[in-house]
Amino acid sequence: MNKLIKRDHLLIILFYLFFSFLYHVVLWYNGGGYAEGGIWGWLNFKDYWYVGGWPYLFYFLASILIWYLGVKLLSRKNSIIRIIAVAILIPVVVYFVRESRYIIIDYLKLGRLRGTGEIWDWYIPTLFLMFQFGCFFAYNYFKENQQKLRIEGELKTAALKSELSALKAQLNPHFLYNIFNTISASVPPQNEKTRHLIAELSDLFRYQLKASQVERVQLGEELDFVNKYLDLEKERFQERLEVDINVEEKLRNELVPPMLLQPLVENSIKHGLASLIDGGKISIAIFKKEDKLHFEIADTGIGIENKDSVFDQGIGLTNTKLRLEKMYHSTLNLSDNIPKGLKISFAI
């Protein structure tokens, strides 16, 4: 990601250098520079800075202001609104930048266009910035389309794997339940705790089978499933695992995709807490804000330094990320938890 950002910044700088130099060469040739200075006369840096570099530096500053007002601040709006905003901002910002440049030029007693000729110092930058932002939006559209095609390809692969897994799970689910019942019945009565654990394990398999057959489940069902999973993990970690779930009761009827939380909780335990001698804490917070359901799963584990590489290492996080992007156009965000560990957050 950082490499892509650096590359984009370098392309913008080269874009301005190229057009500023091209502008200088055109004016040099049109003004008879070839006849006066010969073929290499256009290499005069002082002339370049005054004719091309200086004006295009102001265009560059204007483009930053337009980008911030019309793109950055409207990042949550759709592309049409941002394009309209930029189209309105360009001539307005160019006018004020031109006037600011004139003040500096007049103070330094340098030459500039005057009278009706001033219109060219408004018209040419406006055309140039229209071209620049046209390229910008076209490039963004290309990147978004490429990302969409990549996500669709990954989703098809993930869907195929899920279908195969679901088919395997449905071969004879009742066989598994009967096996669990047989094992439970063979456990001595004094080991009631073991019977309880087997029953909870059976419930986990039953919910997983249901998850492969429906699109949505109530949040309460999903939380019950996560709680059963955490109960089994507590038997392994004992007092090393602390759990805190903060969800308003009224949200339990909200519909969510099945198996949404468990892979994230499992990731926090497996990669965050398991290697710590003292264990740690898993916190799950779910709340509603601006008509969206927000989820936060945090742990006090070892944390992750390179968060971009996480999605290349495991299935759980990657599948959840793809499901969120496809179903809700939402992003799975990874950040550092306070005081330590990892926080996973998203909204649907």
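Numbering starts at 1 and runs along the sequence shown.
Between V256 and F295, some side-chain heavy-atom pair lies under the 4.5 Å cut-off. In this structure, V265 and I297 have side chains that are in contact, with non-hydrogen atoms separated by less than 4.5 Å. Between L293 and L251, some side-chain heavy-atom pair lies under the 4.5 Å cut-off. Residues L219 and L255 fail the side-chain proximity criterion, which asks for heavy atoms closer than 4.5 Å. By the 4.5 Å heavy-atom criterion applied to side chains, Y328 and F346 are not counted as neighbours. When side chains are defined from C-beta on, I64 counts as touching F60, because their heavy atoms get closer than 4.5 Å. In this structure, L241 and V243 have side chains that are in contact, with non-hydrogen atoms separated by less than 4.5 Å. In this structure, the side chains of T320 and L261 stay at 4.5 Å or more apart for every pair of heavy atoms.
Remark: D244 CG to N246 CG distance equals 6.5 Å, nearest 0.5 Å. To the nearest 0.5 angstrom, T126 atom OG1 is 6.5 Å from M130 atom CE. The CZ atom of R240 sits 10.5 Å away from atom CD of E233, with the distance rounded to the nearest 0.5 Å. Between the NZ atom in K77 and the CD1 atom in I83 there is a gap of 15.5 Å [rounded to 0.5 Å]. To the nearest 0.5 Å, the span separating OG on S100 from CD1 on I105 amounts to 11.0 Å. The OG atom of S63 sits 4.5 Å away from atom CD of Q132, with the distance rounded to the nearest 0.5 Å.
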Practice item. List the steps, then state whether side-chain contact (heavy atoms from CB on, under 4.5 Å) holds for L65 with V97. Key: CA-CA 10 Å; L65 180 60; V97 169; 5.5 Å; no
**Study point:** Worked check of side-chain contact (heavy atoms from CB on, under 4.5 Å) between I302 and L276
**Key:** CA-CA 8 Å; I302 59 175; L276 297 178; 3.5 Å; yes
Exercise for review: Please assess T300 against L273 for the test side-chain contact (heavy atoms from CB on, under 4.5 Å), listing each intermediate value before the final yes or no.
Suggested key: CA-CA 7 Å; T300 57; L273 304 179; 4.2 Å; yes
Practice item. Apply side-chain contact (heavy atoms from CB on, under 4.5 Å) to N78 and I81, showing your working. Key: CA-CA 6 Å; N78 62 48; I81 293 177; 3.5 Å; yes
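E154 pairs by the salt bridge (Lys or Arg N to Asp or Glu O under 4.0 Å) definition with R150, not counting sequence neighbours. K109 meets the salt bridge (Lys or Arg N to Asp or Glu O under 4.0 Å) test with no other residue; sequence neighbours excluded.
Cluster annotation: L149 is not connected to Y139 through the hydrophobic network of ILVMFWY side chains, with a link wherever side-chain heavy atoms come within less than 4.5 Å. Connection of W120 to F131 is established within a shared hydrophobic cluster, with ILVMFWY side chains joined at heavy-atom distances below 4.5 Å, either directly or through further cluster members. One hydrophobic cluster holds both I119 and F58 under the rule that ILVMFWY side chains link at heavy-atom gaps under 4.5 Å. Hydrophobic clustering, with ILVMFWY side chains joined whenever heavy atoms are under 4.5 angstrom apart, groups V93 together with I124. Tracing side-chain contacts under 4.5 Å through hydrophobic residues (I, L, V, M, F, W, Y), one never reaches I84 starting from L129; they form parts of separate clusters.
Annotation: Y102, atom OH; neighbour count of heavy atoms from other residues, nucleotides and ligands within 6.0 Å is above 12. Y141 OH: 12 or fewer foreign heavy atoms inside a 6.0 Å radius. Residue Y123 qualifies as open at atom OH: its count of foreign heavy atoms under 6.0 Å is 12 or below.
At a threshold of 4.0 Å, the pair E248-K250 counts as salt-bridged, since one of the basic side-chain nitrogens sits closer than that to a carboxylate oxygen. Classification of K288 and E254 as a salt-bridged pair holds, one side-chain N sitting under 4.0 Å from a carboxylate O. Salt-bridge check for K321 with E325: passed, with a basic side-chain N closer than 4.0 Å to an acidic carboxylate O. With respect to the salt-bridge test (charged N to carboxylate O, under 4.0 angstrom), the residues D299 and K270 do not qualify.
Taking the six-membered ring where the residue is Trp, F133 and F137 present tilted rings, their angle falling between 30° and 60°. The aromatic rings of F128 and Y59 sit tilted, their planes meeting at an angle between 30° and 60°.
Remark: the backbone N or O of V94 is not paired with any side-chain donor or acceptor of W122 at under 3.5 angstrom. Between the side chain of D224 and the backbone N or O of N227 there is no donor-acceptor pair closer than 3.5 Å.
Between S283 and K281, the shortest heavy-atom contact is OG-CE, 3.6 Å. Smallest separation of non-hydrogen atoms from M259 and R323: O-NH1, 3.2 Å. Across all their heavy atoms, I66 and L89 have their closest contact at O-CD1, 4.1 Å. For the residue pair M327 and P257, the shortest heavy atom distance occurs at CE-CG, 3.8 Å. Closest heavy-atom contact between S268 and I282: CB-CD1, 3.5 Å. Closest of all the heavy-atom pairs between S330 and A347 is OG-O, 2.6 Å.
Counting only N and O atoms by type, the side chains of E222 and Q218 include no donor and acceptor under 3.5 Å apart.
D121 pairs with exactly one of R101, R98, R114 by the salt bridge (Lys or Arg N to Asp or Glu O under 4.0 Å) rule, that one being R101.
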